[in-house]
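Here is the structure we will look at.
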Number of protein chains: 2
Amino acid sequence: MRRPTLEAVAARAGVSRATASRVVNGQTTVAPHIRDAVERAIDELGYVPNSAARSLVTQRTDSIALVVSESPTRVFSEDPLFSTVIRSASVELEAVNKQVVLMLASSAKSHARLERYIAGGHVDGVMLISMHGADPLPTALSRLRVPVVSYGRPAVPVDIPFVDNDNVGGAEAAVRHLLSSGRRRIATIAGPLDMIAGQDRLTGYRNVLRDSDHRSIVAVGDFTRESGSAAMRQLLRDDPALDAVFVANDLMAVGALQSLRQAGRRVPDDVAVVGFDDIDAAKYTEPPLTTMRHPVTEQTAALVRLLLGLFVGGPSDPVILPTELIVRESA
Amino acid sequence: MRRPTLEAVAARAGVSRATASRVVNGQTTVAPHIRDAVERAIDELGYVPNSAARSLVTQRTDSIALVVSESPTRVFSEDPLFSTVIRSASVELEAVNKQVVLMLASSAKSHARLERYIAGGHVDGVMLISMHGADPLPTALSRLRVPVVSYGRPAVPVDIPFVDNDNVGGAEAAVRHLLSSGRRRIATIAGPLDMIAGQDRLTGYRNVLRDSDHRSIVAVGDFTRESGSAAMRQLLRDDPALDAVFVANDLMAVGALQSLRQAGRRVPDDVAVVGFDDIDAAKYTEPPLTTMRHPVTEQTAALVRLLLGLFVGGPSDPVILPTELIVRESA
DNA sequence: ACCTCGTGAGAGAGCGCTCTCTCCACATCC
DNA sequence: GGATGTGGAGAGAGCGCTCTCTCACGAGGT
């Protein structure tokens, strides 16, 4: 009836529980014929180790919390980046036999719960996916005695190893691409300025324009489609003669394209548009979107490596990955 | 150094471990002043129960596996439905203090791992999100002695309680909408026919056309954008005079719109398009997509209730939720 | 005054596993 | 041949918790 225990396996194989445990854990100090007997018993009984009992004594849980901290405006079901990160993190962690415990941190209530949970030693480590600004979570988690890594540089100064892409460099490349194709009045739709990605991509934009003596035309969105739409309308009002826009993410770029269409502007003939992220939908806009790709899957893999490294006392240096310009038809 | 145990709390409060345990677990048979003393000790020590020790004795883990079984063509980072389901399931489960363990079932290797894991009693229950066809997973999981529920009716006949939306009824409503707006040659882009949603939506389409003596024009896709695009081109070749398309999901509808645009057809003037799902992007297509909405969040909530119900011997009847026509500009 | 009964608290077993410690058998060396 | 070393196996403690069983005590009935 009940699931078989190590005791049962040992009895069936005619050995002690300790020996059975050695076989299960792959220790080499077991004679071959005994090992065989135990393995046969395991198969016959369909034995599966009880993880609760195991972690009770080893003080490890072999599970990793994936903490997704979403802002009210940036729900992860809307933003394809979240799911890509979650998916590839799962793949990576499963490959090394770690369990993925998914935790949403939205309300303050869930924050408290989360902290208790993590402080309670239920997980061996935490991967923090917090895209939004003044998030108290990085600070709170770094105080706990649990290894924490972050996807994206935390917005607050806190000592958490992280993986990020080169937002400044990517934005610079995007704007340079617009300049080199002869555009003269290049506006930007920036992301929220309490987010690192928002800040850095704006910085990149400004760097290039400053160096080339063009003036900057800025509207600010919050990385959602809606806000991109609104920001584009704003820009057209501010400077009807603009001939290019660098949009800080693709979701907003989709909204911007819609506003441009409604305003009767042709893309790229009248206005060139470059986005950032290369989400899947970028291929399907009208026209297809030129954008900066960053390797989300590789970033996540690097993040997992970083965390696993911390367990064995490895380095905790940030990892910054480069971005790549993907030229389609919008610019 | 080490995390405080119940023993430590009991000692500090001057009671036995048993009494401290009673307080932690909210039993009422503890005198108020003793309860206060214990609670103070808990606060002072920052005590958090060790879940491994607890599950060892209670035989419960308070965690639920969210098994996402994705087909090679339908990766969940691409399909917004997956993330919506995952997100709302998390929210619902966290509300009742259950942990969410996310498991991806893609390769056969991960299947074996998954079965072992679930058979190992690491989770109290399983929520299966399997959109794709001949998935061996439902069958395999139903054999285990673990409560399992499914999002969407399993494609194979297996005794797993599930929650689904009324695919047949929804498709019927969509096609009736096209008919009532005067369309005469109504084609469909069906989903994969090894999937229940694919089958049922095609059935709904056929039902209405049969009753109204129109002939059906069918192309089959696999629920991806690409396939929608290809299927639309196919349909235009098969019947250049078609004046409406019912597309079995929005992702394919986005692809279909693209093909229509490339073929120089105006939507909805020349060809009306109705999708299914009401994903976020449906609002942002050109023109915005008329579609059948089904309440994913409510479905997920119902699914969670169904699973929690199974724990206490509740009913295991399937739940079917209605769909709703959302009229935008494409039809 | 005795007994019953209910209530609140403690003692202690035991959940299934790991891991140290111990022991035994046998090979090796002076 | 006795001391020493070595590889392989068992004994048993203990991880932190829950929960049953037991007991002490006081209220209420006879």
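First the proteins, then the strands, lettered A, B, ... as listed; each starts at 1. Hydrogens, waters and symmetry mates play no part in the numbers below; they use all other heavy atoms, side chains included.
Between A/L321 and A/H294 there is no side-chain heavy-atom pair separated by less than 4.5 Å. At least one side-chain heavy atom of B/F223 sits under 4.5 Å from a side-chain heavy atom of B/M195.
Helix bend of the helix from C/dA1-D/dT30 to C/dC30-D/dG1: the angle between its two end axes, each built from five pairs, comes to 50° after rounding to 10°.
Straight-line distance from the CZ atom of A/R60 to the C1' atom of D/dG16: 17 Å, rounded to whole Å. The CZ-P distance, from A/R17 to C/dC19, rounds to 13 Å in whole Å. Per the geometry, CD belonging to A/Q27 stands 12 Å off P belonging to D/dA9, to the nearest Å. The CD1-P distance, from B/I34 to C/dG8, rounds to 10 Å in whole Å.
Among the nucleotides C/dA11, D/dG16, C/dC17, the one closest to any side-chain atom of B/L56 is D/dG16. Among D/dC17, D/dA13, C/dG16, the nucleotide with an atom closest to any side-chain atom of B/V57 is D/dC17. Residue B/P49 places its side chain closer to D/dC17 than to any other of C/dC19, C/dG10, D/dC17. Here the nucleotide nearest the side chain of A/N50, chosen from D/dC17, D/dG16, C/dC17, is C/dC17. For B/L6, counting side-chain heavy atoms from C-beta on, the closest listed nucleotide (D/dT20, D/dC17, D/dC19) is D/dC17.
Counting only distance, with no hydrogens or angles, the side chain of B/S88 and the backbone of B/T84 share a donor-acceptor pair below 3.5 Å. One N or O on the side chain of B/R3 and one on the backbone of A/G120 form a donor-acceptor pair closer than 3.5 Å. B/S150 contributes no side-chain N or O that, together with a main-chain N or O of B/F162, makes up a donor-acceptor pair within less than 3.5 Å. Listed for the A/D124 side chain is no donor-acceptor partner under 3.5 Å among the backbone atoms of A/I64.
Considering only side-chain N and O atoms, B/S16 lies nowhere under 4.0 angstrom from the phosphate OP1 or OP2 of C/dA11. Proximity of A/T58 to the phosphate of C/dT18: no side-chain N or O atom is located under 4.0 Å from OP1 or OP2. Distances shorter than 4.0 Å separate none of the side-chain N or O atoms of B/T5 from OP1 or OP2 on D/dG16.
B/A31 comes within 4.0 angstrom of sugar-phosphate atoms only, judged by non-hydrogen atoms across all strands, and of no base. Backbone-only engagement by A/V15 is indicated by non-hydrogen atom pairs under 4.0 Å involving sugar-phosphate atoms exclusively. B/V30 comes within contact range of the sugar-phosphate backbone alone, with a heavy-atom separation under 4.0 Å but no base atom that close.
Around CG of A/D159, the count of heavy atoms belonging to other residues, nucleotides or ligands within 6.0 Å does not exceed 12.
You won't find any donor-acceptor pair under 3.5 Å spanning the side chain of B/R3 and the base of D/dG16, going by distance alone. Between the base of C/dG8 and the side chain of B/R35 there is no donor-acceptor pair shorter than 3.5 Å.
DNA chain C is contacted by both B/A18 and A/S21; B/A18 maps to the nucleotide lying nearer its 5′ end (nearest heavy atom per residue).
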